[in-house]
Structures are given as structure tokens and as C-alpha cells.
Amino acid sequence: MKINLQSALKNEFGFDSFRPGQETILKNLFSHKNTLAILPTGGGKTLLYQMYGALSRQRVMIVSPLISLMQDQVSRLQYLGSKRVVALTSALDYQEKAVILKHLNQYQFIYASPEMLANEQVLRQIKSLNIGLFVIDEAHCISEWGPDFRPDYLNLGKVRHALGNPLTLMMTATATKTVRQDIIDHLDLESTSVEQIVLPVNRPNIFLSAKILSGQQEKDQTLIDLVRQLHGPGIIYFSSKSKAEQAAVTLSSQTDRRVMAYHGGMDTQQRFHIQQQFMDGNLDIVCATSAFGMGIDKDDIRFVIHYHLPANIQSYVQEIGRCGRDQQPGLAILLYEPNDRYLQMNLIDNTIPDRNLLQYLYQHPKALTNEDQFRVIKYYYDHGYSFDQATAVFDHSRERRLSELTAMVRYVYHDGCRRDELLKYFDETLSEDQKNSAFCCDHDIDFWGHWQNFNDKYLKQSEKSVEYRPQSWHEVIDKLFLLKN
Amino acid sequence: MELSILLLIFGSSEQFRRVKAIKNTLRGRRTVSNLYWALQYDMLDFVDSLHGTGFGEDEVAVKQLKVHGLADTDDNFQFKLTAKGADQQEKYLSRLLPLKYLALGSRYDVAKFMRRFSFAVQIVSEFSYTNNKYYPQSINYFEDQLLKRWFVQTKHTDLPAQFHQLLNGFLNGLANDELANLFVQSLVGHGFSGLTADQIATQAHSDVTVVNLEWLQTYGVLLERVLKLPNDNPFKMLTVGLEKPIIAQSAKETFEMFVHQENGSLNTIAQKRRVKLTTVYEHLLEAAIMLPVTKFPYKALIQPESKRHLEASHPVNVGSWTFEAAKQEIPDLSFFEFRLFQIYRSKSADEN
């Protein structure tokens, strides 16, 4: 199949150029090569399979781990112009699921959670379709040694065979060599038959900085000072919903910026309004939990501030990657006070079952439901792990998370180049001539002494934020509907 | 929504009212007990009108009313509005549209209509700018399909102009610019992202609950307008499947069987319907509460002897007469007959 990818990109999707790696991956797919792609956040993963589907006119099946992520991806695909999209998730009720399964052949892009694919009825229906491309998003979830292990992902090798071994695209933002090999092995593919495309994690247009503060009061005041002055749209990340809400109220009243909170506890319509306002430039800042930003492509975000410490460097890199997508300068700030470490440690304690809970569940296996919190325990129980073996697995998991947290804290206290420290985690190094010391991190320049100058020099006010906004109902309906006459 | 505000709106300064009964009436828990109290509080028109809405804790709401001197409360989570509470109720009622526009939610799923209409506006707004690159609102599968079909079938009819005209007529008809401005903020479209209820409440120094009630009411007015349009009007399809039954389906079947069998034995109905006899009683009581007094065969279900005793013994306020008290007067009385009689008397008084 001879396809001019550049002109298809322009004509069908309206983009002038590919993002790094996209063209090579597409060429691989059109040469029918199974591909493992390590693309950074915002690297344009969706476009890959959307374009393959559109140009080959084949059906694409995408496996994705989280309902919220899938919903964002469905929106994103619809946003990019594909309308025959459906998601098979546990959020569907019985009737919805039955109707969708009956009419599955009407859809070109089918998203499914790995648990759905473990259901025989679902798999039978999918087998009756011709799947041209099998996509595994967040493929690192397949690795028992990765931070987001999802037992249901282990089933995907069998699913792939059941579907007649279609062309397979495995994607993730970050994966070490071990995890990459795990992905290939679990999908029952030969290493030699898989093309690996690994893109650099480094984002040279994002300036890295962190500040250690004496306590929460000082941190709050620093946040207010920053928000008052920093130009452009920004995101502030929090680990807790209530703190995100509280900060949104404080920042709205103490600065002249338009600030709203956004988190998973809010109703869908409310979240949609806030997302749209931010996209349209009617909001300057969103105080968010990690639920915000996964499916959103807003390219003029100028800064990302972390009010709380993220769980690991991988999450941090993903979250700061949401600024500066337009390739203009962006700023990443991490605010830290010593107690923040304990907040994360509590989160670890709350997500990993302790010995007592594990013992109780092993003695009362009926309590092991498919709820998220028990899913992993159920996997080990069902696979014949003894109590001691399971305990060892979770102890190991806790230790790993603690060591990831330690690496995150080390990043905060690091007194060398922050970029080197971040990239080290991904086995990536930069040579001296690849670095721009004038725009790298707060180790190379006295950022905290002159951040206002940095702000004026690099962070440009977005044009969108000064757009006209209709006020009265007459103006609103005139704006909403562009009439022919 | 904040329960304390709803309690103020639906409270009384003359009668102690049960917090749970008001909450359950609004969210459509159709137990005979809830429906009975809804009848006593003149709230039958509001059954299920706030279906699917989250409310706060009863305890917190009652405490709030008490602390602010808005209501007197007793140990059984009952409350009665104080003079200050009645004043506050008056303030809410004068701000809101007449409550009949909230009651519409009992007969039609207004909240669903709101989501549908708002999504339809987004689709048509982007269509009018020939833009197909946008994030659509998140709505469930069936609603999504309905809107897709609707759009495909009607897009040739110059929808942007029709929407403009419909909204212009409707918003002018409200004759209240403040409310019309509030309504349009619920919409999203090309280059317009509306406001959340919190944002409006902050701007207008109002309560989020009041803003949400105002939205439901204005969408109620809009829905009434759309329902009156001819069947071939493109907006009519947006009202498909919104109607709610007055009586729950199962109760309706029991009641119809009873009427069909010309007042046959309740035991036979229980067998045929494969339900317990007590369930048959509950279904018939639900029908009695929800139907006009003339449409329910009270005579066939209250024995003449019982009726005579009940008529002779009941207190002035038959609604708050307890079964225990009635039993002392009429030892053979069944709860079913007792409750039916109460319903009959309450409804006769209301409908006369």
C-alpha cells in the first residue's frame, strides 16, 4: 500500500507536520510490522491509530486500562473527527452493553478494558469482526515489575491469538528495558519481530525548578505570589481533592486570576464546563488532581506547579509534560515542605494492603470482589499464590514505591542539574552541547532570585485569554449560532 | 443539592414534617409510607422530581435549620418552620419560578432533557461554524445514539436558525433577563463555555442549590414549550422517552388486574402476579394515593362495616391518626383498610 503520509496528515487531519516518531511508527504499521512505541506524554499517540484506521479503512481495537482515560480518549478521537467510536467498559449498564455488542460491526474504533476482553461473550463478538490493528495503550501495565501492574493485562497475549494475531501496536510513555521485554514476552511476540521506537523523554522547552519551604503557610504564600504574577494558562496539581478546592477558593479571592478546581469527585457536566472554559481561555488556572489533563490537548499551557509531591518521577514527567506543547517556553515548579513526604507515604499505605487485611482476605476469599482495591489480591489468590508469597509480593511493591518516592524527594533536594537527575531515571543522558544552560533548571541560573524577570522574558500571555466573552443572553445565542444571513 | 434549602422550601410553619419523607419524595423512593406523607404534605406533584440528585445528611440539614433559628425540631427528625424560617421560605419562593415548574420533573425527566438539550446546542453550534473538531459532552450510550439520529434526520432543516428562534422566543417569554442570562450559562458551544452552578452562585451571591433549582425550572418551562410543538417539529424528537409513569409499572399491573377482575379476590391476584399478599396491598395503596379519588374503587376495598366504624371514630385531623389509636376504637381493623380510609378522607378533603 503506497501512501503519502505527509499529504494525508495535512489533507485529512489538518496538521502541517508529524511529531517526532509518528511518521516512523506509521511507516512500520503500513509495512505490517508489530511495533512497541515509547512516546512521551503529548507525543500524539491517538493520531497514530486514528490515522492508520482512517487510511487503511480497517477496524482498530484499543485496550486501555482506566474508564476515565478511555472516556477522554473517545472524546479526543471524536474531537479529531472520527465519529464511529465506542468504548466497552464496566461503566455501561446491562442494556447498553447488549446493544453495543449487537451493533459492534458499525464501529471502526473500539475501546475495551482488559476485564471486558476476559468476558467470553464479548470476546466471541469481537472475534467475529475483522480487527486490522490491535492497540495496547499504557502497555507497561502488563509488567508485574512496573508501577501500574494490572493483572488483567496478562490475558492480552491470549486475546491477541484469539483475534488471529492482528498487527499489534504497543504504546506507553515510559518503560525501562526490563518492562519493554516483559511487554513483548507477555504478548507472546518474538523480540526480533517487534520494532521498538523509543523517543527521548527530555522536553528542552520546559524549565525545571523546585523550592523547599519551611511549612504549609510559607508554601501557600509562595503559591499566591506565583499565581499573581506568572503569565499564561497554568495547572496546579494537588494530591487531595479538598486541598485543590480550598486552593481554588483562596487563589480566586487573593489574586485577580480566574481559578477553578477540577477533580474526579465533581459531576461530569461541571467538569466539562471547566475543561471547556480552560480550553477556550476563559479560565487562567485549574487546581487539579491527576484526573485532569489526560485527554486534553491545550497547547498554550505555560506553567505546571506541583503543590504536592507526585508519587514518582514518571508521574511528574507526565504531568509537567502538559505545558509548552506549542514548543514555546514552559515552566515546571515543584513546591515542597518536609511534611509532604508523609502525605505520599500515607497514600502508599492506603493503596497497598497490609498484612492483616491480606490475611483476612485469604481466610475469607468470598470478600475478594472485582473492586479495584482487591483486584490485584484476587489475581494472586486465583493464581495459587500462598499467603506468604502474596505478602512478599506486596512487601516488595511497598518497598518499590517507597524507593520511587525517595527518588522524587531526591530530585527536590538535588543540587546538580535537575534535567540530568530526571533523565537519569529513564536511562537518558544529554551531552553538553545538547544543553542550554540559560534555559534548563534552577541549578544553572538563580531562578528563585529573579523569577519575575524569567516570567517576563519567557512566558508569553496567551492571546486566547483576552478574547471577547458574550454576557447577555441575546449575545450568547447570537454567538452560539452562526446564522447564514 | 443542599437538603436544608429544600426543607425550607417544602417545610410548613403549621405542621411538623418528616425530613426523610420530604427527601424521599423528591428523589422518588415510592414506598407507601413516603407516598402517604407526600399526600399529607401536599407534595404528590413532586414525587421523583429531583430523581438522581445527591442530598446531604438529614442530621446536618436539621441541625443547620435549628442553629439558624429557621425551624423547631423534635427527636424523630421532624421539623416545623419558625417565623424566621417562613420568611426565608418566602424569599426562596419569590426568587424561584412557581413550583409547578419543578413539579414537571415528576412527570418528565427534566434533568435528562437538560443534558440532551445542552448537548444538542453544542452539536448545532459547532455545526453552524462548520467545525467538527471539538470535545463533545459526555452522555450515556443511548442518549448519544438518540442525538446522533436526531442530528442526521434534522440537520437539513437549518437547525442553527431554528435553535436561535426557539431560544429567542423562549427566553423573551421568561420576561426575566436575570433568569434568561442564568439559563444560557448552562450551554456550551462554539467559543462559548458557559458557567458552572458554583460560578453563577458566586457571581450572583446566591446558593448553588438555588441556581440548580432555577436551571431545572427554566428547562421545565422550555420542555413545556417544546412538548406543545407539532409532531414533525425537529425539537420534538428531543422529548422522546422523557415521560414518567405516575404509578410504578408493577403497582399499575396489580391495580389493573384488580379493576379487570371486577374487584376479584386479592389472594388470587397475589397468586397470579406471583407476589405476596402484602405486596398487593402496597400496590393498591400506591394506586389509591396517586390516582384521583374518583378513579379508585375505595368501596370495593373497605368493608361497609369498617367504613361505618372509621367514619364514627376518626379525629378531625385524619392524616395524623395512628393505627394504634384506631385499633383501640375498632379492634378488628386491618392496616390496609385503615390506610385506605385515611387516603380517601385526605384526598376527598383536597379535591373538594
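Each chain gets a letter, A, B and so on, in the order the sequences are listed, and its residues count up from 1.
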Test B:Gln137 against A:Thr268 for side chain to side chain contact (heavy atoms under 4.5 Å, CB included), laying out the working first. CA-CA 9 Å; B:Gln137 291 176 47; A:Thr268 333; over 6 Å; no
Assess the residue pair A:Leu283 and B:Gln199 against the criterion (side chain to side chain contact (heavy atoms under 4.5 Å, CB included)); give the C-alpha distance rounded to whole Å, side-chain angles, the decisive distance to 0.1 Å, and a yes or no. CA-CA 11 Å; A:Leu283 262 187; B:Gln199 288 170 322; 4.3 Å; yes
Side chain to side chain contact (heavy atoms under 4.5 Å, CB included) assessment of B:Tyr134 paired with A:Met279: CA-CA 10 Å; B:Tyr134 62 94; A:Met279 298 279 294; over 6 Å; no
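Per-residue heavy-atom pair counts under 4.5 Å with chain A were compared for B:Asn172, B:Asp144, B:Val124, B:Leu171, and the maximum is reached by B:Leu171. In terms of heavy-atom pairs under 4.5 Å with chain A, the best-connected choice from B:Lys148, B:Gln185, B:Glu126 is B:Gln185.
Neither the backbone nor the side chain of B:Thr130 comes within less than 4.5 Å of any heavy atom in chain A. Within the 4.5 angstrom heavy-atom criterion, atoms from both the backbone and the side chain of B:Leu187 approach chain A. In this structure, chain B has no heavy atom under 4.5 Å from any part of A:Asp267. At a 4.5 Å heavy-atom cutoff, A:Val74 makes no contact with chain B through either its backbone or its side chain.
Residue B:Val188 comes nearest to A:Leu480 through the heavy atom pair C-CD2, 4.1 Å, listed as atom of the first residue, atom of the second, then distance. Nearest heavy atom pair, residue A:Ile477 against residue B:Val184, reads CG2-CG1, 4.3 Å.
Residue B:Lys244 qualifies as enclosed at atom NZ: its count of foreign heavy atoms under 6.0 Å is above 12. When the shell of 6.0 Å around CZ of B:Arg27 is examined, it contains more than 12 heavy atoms from other residues, nucleotides or ligands. Residue-environment remark: CD (A:Gln6) exceeds the threshold of 12 foreign heavy atoms within 6.0 Å. The environment of CD in B:Glu57 is sparse: at most 12 heavy-atom neighbours from other residues, nucleotides or ligands sit within 6.0 Å.
Among pairs with a residue in residues 186-218 of chain B, those fulfilling ring pair (Phe, Tyr, Trp, His ring centres under 6.0 Å) read B:Tyr129-B:His190, at least two apart in sequence or across chains.
For the pair A:Lys479 and B:Ser125, the minimum side-chain heavy-atom distance is 4.5 Å or more. Counting heavy atoms from C-beta outward, A:Gln270 and B:Asp198 have side chains that approach closer than 4.5 Å. Contact of the B:Leu159 side chain with the A:Phe481 side chain is not registered, since no non-hydrogen atoms from C-beta on lie closer than 4.5 Å. Residues A:Gln269 and B:Thr196 are not in side-chain contact: their nearest non-hydrogen atoms beyond the backbone lie 4.5 Å or more apart. Under the 4.5 Å side-chain criterion, counting only non-hydrogen atoms from C-beta, A:Trp473 is not in contact with B:Leu167.
Taking 4.5 Å as the heavy-atom cut-off, the residues of residues 95-104 of chain A that approach chain B are A:Gln95, A:Glu96, A:Val99, A:Ile100, ordered by number. Below 4.5 Å, heavy atoms of chain A meet no heavy atom from residues 100-117 of chain B.
Here the side chain of B:Ser128 pairs a donor or acceptor atom with the backbone of A:Leu482 at under 3.5 angstrom. Side-chain N or O atoms of A:Gln276 include none that pairs as donor or acceptor with a backbone N or O of B:Gly194 at under 3.5 Å.
Rounding to the nearest 0.5 angstrom, the gap separating the CG atom in A:Leu483 from the CZ atom in B:Phe163 is 12.5 Å. In this structure, B:Ser193 OG and A:Phe278 CZ are separated by 12.0 Å, a value rounded to the nearest 0.5 Å.
Under the side-chain contact (heavy atoms from CB on, under 4.5 Å) criterion, A:Ser472 pairs with A:His474, A:Glu475, B:Asn181, not counting sequence neighbours.
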